Amino acid sequence: MDLNIKQSGIHTCIHHTSYFKNRSGRVYKRAAERYLRTDLSCGYAHCKDCKDLGTNPLLKSENPTKNSIVGKHVLVIDSTCMIRFHDLFDSPLLKNIIITQTVWEGVKAKSVPAYKKMNSLCYDEARDRFHVFMNEFHYQTFSEESGKFEDLSRGEELLLSTVLFLSSHWKDDGVTPVVICSDDESSKRMKKYFSNVVTLREYIHGFDDAEKKCLLDQMAAYENYGTAAGNTIFDEYLSHDRVMDGIASGTIKRGNFNVSRENYREASVIIDDQLTTWFITGKHCNRAINGDVVAVQLLPREDWVAPEKMIRLRDVEEYVTTADDMGNEEDGEPKSKKAKKNVVPTAKVVGIIKRNWRQYCGMLLPSSVKGAKRHLFCPAERLIPRIRIETEQADTLSQKRIVVAIDHWPRDSKYPMGHYVRSIGEMGSRETENEVLLLEHDIPHAPFSEQVLDCLPRENWIPDLTEKTPRVDLRHLTICSVDPLGCTDIDDALHCTQIQDDLFEVGVHIADVTHFVRPNTAIDDEASLRGTTVYLCDRRIDMLPALLSSNLCSLRGEEERYAFSCIWTMTSNADIQSVKYHKSLIKSKAALTYEKAQEIIDDSRETNDIAKGLRFLMKLSKVLNARRTGCGALTLASSEVRFDMDWESRTPKKVMEKQHLDTHSMVEEFMLLANISVAEKILAEFPDCALLRRHPVPLKESYKPLVEKTYPKSLGPKDPGPSKYWPG
Amino acid sequence: MEVHLSDDEKLFLITGAEADVRNDGRGCLDFRQIVLERGVLANTNGSCRVQLGRTTDVLAGIKLELESYDPTTEKEPKQPIHFYVDFSANASTQFAGKGGDNYGEELAATFQVAYAQALNIMPNLKETQIAEGSRWKIYVDVSVLQWDGSVADAISLAVIGALSDLEIPEVDITPDDGGKVTITLRRPKKDGNMRDEEVPVAMWQLDVLRCPLLLTVSKIGTANLVDCTPEEDNCVRSQLLIGLTSSGDDFDEFDVTCMKQVGGGLLEMESVEDMLEVAKKSARGLHKVLHERIKTEEYRKPGYSFLL
């Protein structure tokens with residue numbers, strides 16, 4: 001080494017090599033030159049050698065001497081102390097403390113709150129009590145691998161080489177370094193090589209000060225806390241082969257992992273056709289995410305627990321938990337209800353057979369560390385856990401809805417690790433929130449492709465009367481449609497005329513979409529992908545392009561449209577005399593709303609064909625309804641809501657439940673009748689390929705929750721009756 | 001450095017070689033002085049520099065990579081060592097620009113052939129197969145810094161040196177989702193709450209004892225020579241590049257792992273056998289000194305790199 005370099009305080013150059021694996025699974029070797037220095041101060045205020053080398057705050061005032069074995073001493077703490085008990089170091093009783101560079105880096109990597117505390121203590125609040133000793137750059141204490149301390153951990157090894165140096169460095173000054181460690185084990189190990197090792201508890205016990213009680217209490221509060229820092233939280237998964245063997249031998253079952261909607265820490269897995277459900281709680285969920293196909297194993301009976309039967313929502317419980325306290329991700333394990341009552345078969349996840357990860361919409365949780373890179377992401381779907389991501393642009397993203405993908409879930413992390421994919425837009429804006437809804441429910445909402453649009457007929461399409469397929473011309477009939485206000489896709493229409501004294505002709509006409517959407521065309525594929533038209537508050541995502549859905553396949557008033565008709569002749573008792581089914585060409589006379597139709601029926605002054613037809617229909621529908629309910633039909637009341645929109649600004653003003661009018665059930669009744677008649681016809685004509693929906697008699701097990709709830713009140717159906725009591 | 005010799009000079013050189021006296025005083029089976037030095041590039045996982053006669057200068061560096069593959073399609077373990085040879089444009093005027101690219105590829109392909117059976121030759125090489133779906137890949141990058149003849153021989157020494165210098169991290173395997181595994185570096189010491197990557201990783205090394213040596217044997221006149229200088233290359237009738245691996249551990253018997261004729265010229269079968277004998281004879285000596293060196297070499301102190 002050149003002389004001029006030596007004079008600048010550099011002692012030697014070493015190669016410092018470390019190996020690490022990054023997040024994408026690559027293994028790296030990092031080799032860096034490290035220049036060891038001779039001019040790093042030990043921190044002792046009266047040290048002759050170091051007096052010109054930086055600020056030396058230590059031992060300006062002495063430690064409370066009574067307490068310990070030695071006289072003048074300096075404390076050298078280990079990183080576990082700092083991580084677990086960092087709040088204790090607020091106390092001025094603990095002073096003359098050396099934090100080594102190794103400890104500094106360790107704390108920084110393992111616990112953010114402890115690091116924040118340490119940083120502010122050393123460089124802000126308590127500069128006179130702390131000194132940071134750069135042991136890894138000091139030529140006598142750098143982290144050379146020596147075989148000397150084989151039974152020590154690496155951290156202890158480096159700590160010892162520092163104190164051994166310091167004790168020889170301060171020999172003439174009569175100052176002794178004292179190692180403060182966090183647990184007895186570590187203390188015992190290090191004592192073999194250096195006598196002045198005490199645990200923090202022992203050290204505080206030695207104080208002759210009233211305040212020590214307070215410190216000890218504080219310590220106790222942290223003691224049964226935080227031992228997990230750096231430890232793995234979750235069990236290892238079994239190997240694929242063992243899972244498969246287990247499934248083959250029946251000790252392991254596979255099933256879908258379903259997180260409870262009421263309590264995010266509980267989940268269940270249905271393991272067989274008999275709907276046997278195993279209950280999973282807390283850590284036993286072992287990194288499974290809602291929807292994953294998991295391998296589960298039953299716990300021994302004494303470990304079975306009862307579901308908590310209380311609602312736990314992540315948002316509420318973790319409201320204050322912000323992104324930065326990752327060191328203390330203490331999972332307050334649900335106080336396992338050891339009450340041996342009501343326990344259910346409880347299992348644990350031993351492996352994941354198939355992940356159900358997708359991309360999730362949501363937002364970043366605010367972080368209290370400024371400029372932090374690691375953040376917690378909160379998905380919109382509440383069955384999904386929070387996801388830890390790394391991003392440099394947290395400030396810009398904090399007000400946005402973003403999309404995040406999960407990469408993996410390490411065993412030592414409470415949360416899965418993911419990465420930022422893209423941002424959707426400003427939080428709270430209508431477009432963004434709509435987009436989130438669509439993405440979260442996996443609704444295809446891109447504009448229709450060229451190929452799909454190519455399948456459309458021309459804009460100025462008119463019915464082709466010379467068409468070969470037999471199509472009955474029903475344009476002369478007084479047909480009308482009844483739909484909600486503002487409806488543009490009118491898919492059904494009705495008519496009714498009296499043909500004899502007690503004989504009516506009733507028709508249901510359904511828009512003939514199949515004329516425009518032929519099988520195996522691009523438009524057909526797209527429609528089957530979309531499946532349904534989705535209504536958002538201010539817009540609609542069509543299943544078919546608007547030309548079809550709200551024009552050519554919409555049975556608008558006074559326009560000629562293709563339809564499928566089902567025409568009955570029936571008596572006023574609604575006894576069906578005959579049915580006809582055919583394609584037709586119709587011309588609706590009026591497109592009515594439910595309210596308008598009701599008005600016409602109620603207004604006795606209206607006597608035109610439409611009014612007459614509607615009144616007949618109403619009468620017949622009441623007969624049909626009475627008959628159907630008499631046969632045990634079940635009414636499943638689901639309330640429909642309607643938005644009152646301010647269409648100018650496209651903002652919803654209020655939400656209201658749809659009012660139920662008689663005209664609603666009138667239309668419903670005839671649609672049901674059409675379905676029934678058509679189903680019968682299909683079954684008669686195509687018995688081989690008719691699809692029928694059949695609900696099996698419910699299993700006894702399915703009644704269990706109901707029976708359990710109602711039995712004490714002796715209301716319950718102890719024995720489920722015939723299936724007619726069951727939906728469908 | 002292209003060499004042009006007059007006919008008289010050639011005649012002098014050839015007759016000299018036939019009389020077992022070469023221009024620089026060596027005998028036909030003598031190598032120039034070999035300098036082999038390992039651990040020269042701190043940023044590689046293993047490295048070695050070889051000089052022949054202080055002028056031919058070759059540097060080999062190894063990069064390790066953790067590779068994941070599809071175990072259902074690749075049932076048989078694959079030879080994990082891959083070679084790349086690059087001729088520095090400064091090595092000789094003929095390599096200026098892209099001049100060395102073809103030769104480099106040719107040499108790399110030859111080494112690939114010579115090491116094709118590496119899984120059988122190197123007893124613990126199959127341990128690079130860590131788990132089903134994960135394996136180490138060993139990329140050997142060779143850079144020819146100076147060319148002064150016999151470059152293939154120098155490379156083969158540098159490759160063995162680098163492989164012997166290679167340290168491969170030991171790993172722990174834990175099962176993960178869907179039959180996959182997670183691989184973590186094995187750090188035998190507990191960390192005691194310090195940064196994980198600062199805790200040393202356990203390493204293992206390859207057994208390079210039987211790694212193939214590649215020797216160029218040149219026919220000059222009726223004599224067979226090893227380690228030719230560029231002047232001698234000028235007079236060569238025919239050249240063979242022979243890869244040899246020791247059949248046992250005693251460097252007595254050798255198996256041929258590859259043979260390649262370099263340049264033009266015709267060879268009788270008899271001559272080929274003669275040249276093989278020559279190669280085996282010099283391999284015997286070379287193997288011994290090489291492994292002696294590998295055993296006893298002391299690494300340079302950091303900060304004293306040959307690059308400075």
Side-chain angles (χ1 to χ4, degrees), chain A residues 1 12-15 17-21 25-27 29-34 78-80 82-83 102-103 105-111 136 143 145 150 152-159 182 186 229-230 236-244 287 292-293 351-355 408-411, chain B residues 39-47 62-68 71 130-134 136-137 166-203 299-305 308:
Chain A
M1 197 74 48
T12 36
C13 164
I14 58 161
H15 277 305
T17 318
S18 57
Y19 288 84
F20 60 98
K21 193 163 165 250
R26 284 171 173 266
V27 172
K29 174 186 178 182
R30 181 192 289 146
E33 284 180 356
R34 180 173 283 182
D78 77 352
S79 39
T80 320
M82 198 30 120
I83 291 170
T102 318
V103 169
E105 296 287 345
V107 171
K108 187 176 177 182
K110 299 276 163 141
S111 164
E136 291 186 33
S143 56
E145 263 185 82
E150 263 188 25
L152 297 189
S153 78
R154 182 77 179 138
E156 290 163 349
E157 184 179 66
L158 294 180
L159 207 60
S182 57
S186 167
E236 217 171 77
Y237 290 141
L238 296 183
S239 73
H240 187 65
D241 294 343
R242 282 185 61 193
V243 168
M244 289 304 149
R287 294 169 280 163
D292 288 348
V293 181
I352 306 279
I353 295 165
K354 191 166 175 294
R355 284 289 191 193
H408 65 136
W409 194 336
R411 283 175 63 203
Chain B
V40 287
L41 301 173
N43 281 305
T44 59
N45 296 82
S47 57
I62 293 180
K63 207 80 193 150
L64 256 190
E65 214 169 78
L66 192 59
E67 185 195 42
S68 48
I130 303 166
E132 227 172 62
S134 298
W136 291 110
K137 249 187 159 179
L166 171 65
E167 287 189 315
I168 304 175
E170 286 185 23
V171 292
D172 290 319
I173 294 154
T174 47
D176 199 358
D177 307 354
K180 281 183 263 170
V181 293
T182 314
I183 290 167
T184 41
L185 299 178
R186 184 178 301 159
R187 303 181 195 269
K189 279 219 169 215
K190 278 215 244 69
D191 61 352
N193 267 330
M194 61 182 291
R195 246 183 332 156
D196 297 336
E197 55 184 78
E198 290 297 325
V199 182
V201 175
M203 295 291 191
Y299 283 25
R300 288 191 205 227
K301 273 192 231 144
Y304 292 85
S305 159
L308 279 180

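Below, all heavy atoms of this structure are taken into account, side chains as well, without hydrogens, waters or symmetry copies. Numbered from 1 within each chain, the chains take letters A, B, ... in sequence-line order. None of these values were measured; they are calculated from a predicted model.
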(request) Go through the steps to decide whether V27(A) and L64(B) satisfy the test side-chain contact (heavy atoms from CB on, under 4.5 Å), and finish with yes or no. (result) CA-CA 8 Å; V27(A) 172; L64(B) 256 190; over 6 Å; no

(request) Check each atom of V201(B) against the heavy atoms of chain A and say whether the ones under 4.5 Å are side chain, backbone, both or neither. (result) side chain

(request) Tell me, yes or no, whether the heavy-atom count around R242(A) atom CZ, taken from other residues, nucleotides or ligands under 6.0 Å, exceeds 12. (result) no

(message) Can you tell me if K108(A) has over 12 outside heavy atoms packed within less than 6.0 Å of its NZ?
(response) no

(request) Report yes or no: does K29(A) contribute a side-chain atom to a donor-acceptor pair with the main-chain N or O of K63(B) at less than 3.5 Å? (result) no

(message) Show the nearest heavy-atom pair for residues A42(B) and A31(A), with the distance to one decimal.
(response) O-CB, 3.3 Å

(message) What part of E236(A) gets within 4.5 angstrom of chain B, counting heavy atoms only: side chain, backbone, both, or neither?
(response) side chain

(request) Pick one of side chain, backbone, both or neither for E198(B), based on which atoms fall under 4.5 Å of a heavy atom in chain A. (result) both

(request) Sort out for me which of T184(B), I183(B), T182(B) touches chain A most, counting heavy-atom pairs under 4.5 Å. (result) I183(B)

(message) Just verifying a value: how many Å separate E170(B) CD and Y19(A) OH, rounded to the nearest 0.5 Å?
(response) 12.0 Å

(request) Nearest 0.5 Å please: distance from the OG1 atom of T174(B) over to the CG atom of L238(A). (result) 12.0 Å

(message) Take a 6.0 Å sphere around CZ of R186(B) and say whether it holds more than 12 heavy atoms from other residues, nucleotides or ligands.
(response) yes

(request) Measure the spacing between OG of S79(A) and CZ of R195(B) and express it to the nearest 0.5 Å. (result) 12.0 Å

(request) Quick one: closest heavy-atom pair of K21(A) and L185(B), and the distance? (result) N-CD1, 4.2 Å

(message) Any carboxylate oxygen within less than 4.0 angstrom of a Lys/Arg side-chain nitrogen, looking at E197(B) and R30(A)?
(response) yes

(request) Examine whether an atom of S134(B) lies under 4.5 Å from a heavy atom of chain A, and if so say whether it belongs to the side chain, the backbone or both; otherwise answer neither. (result) neither

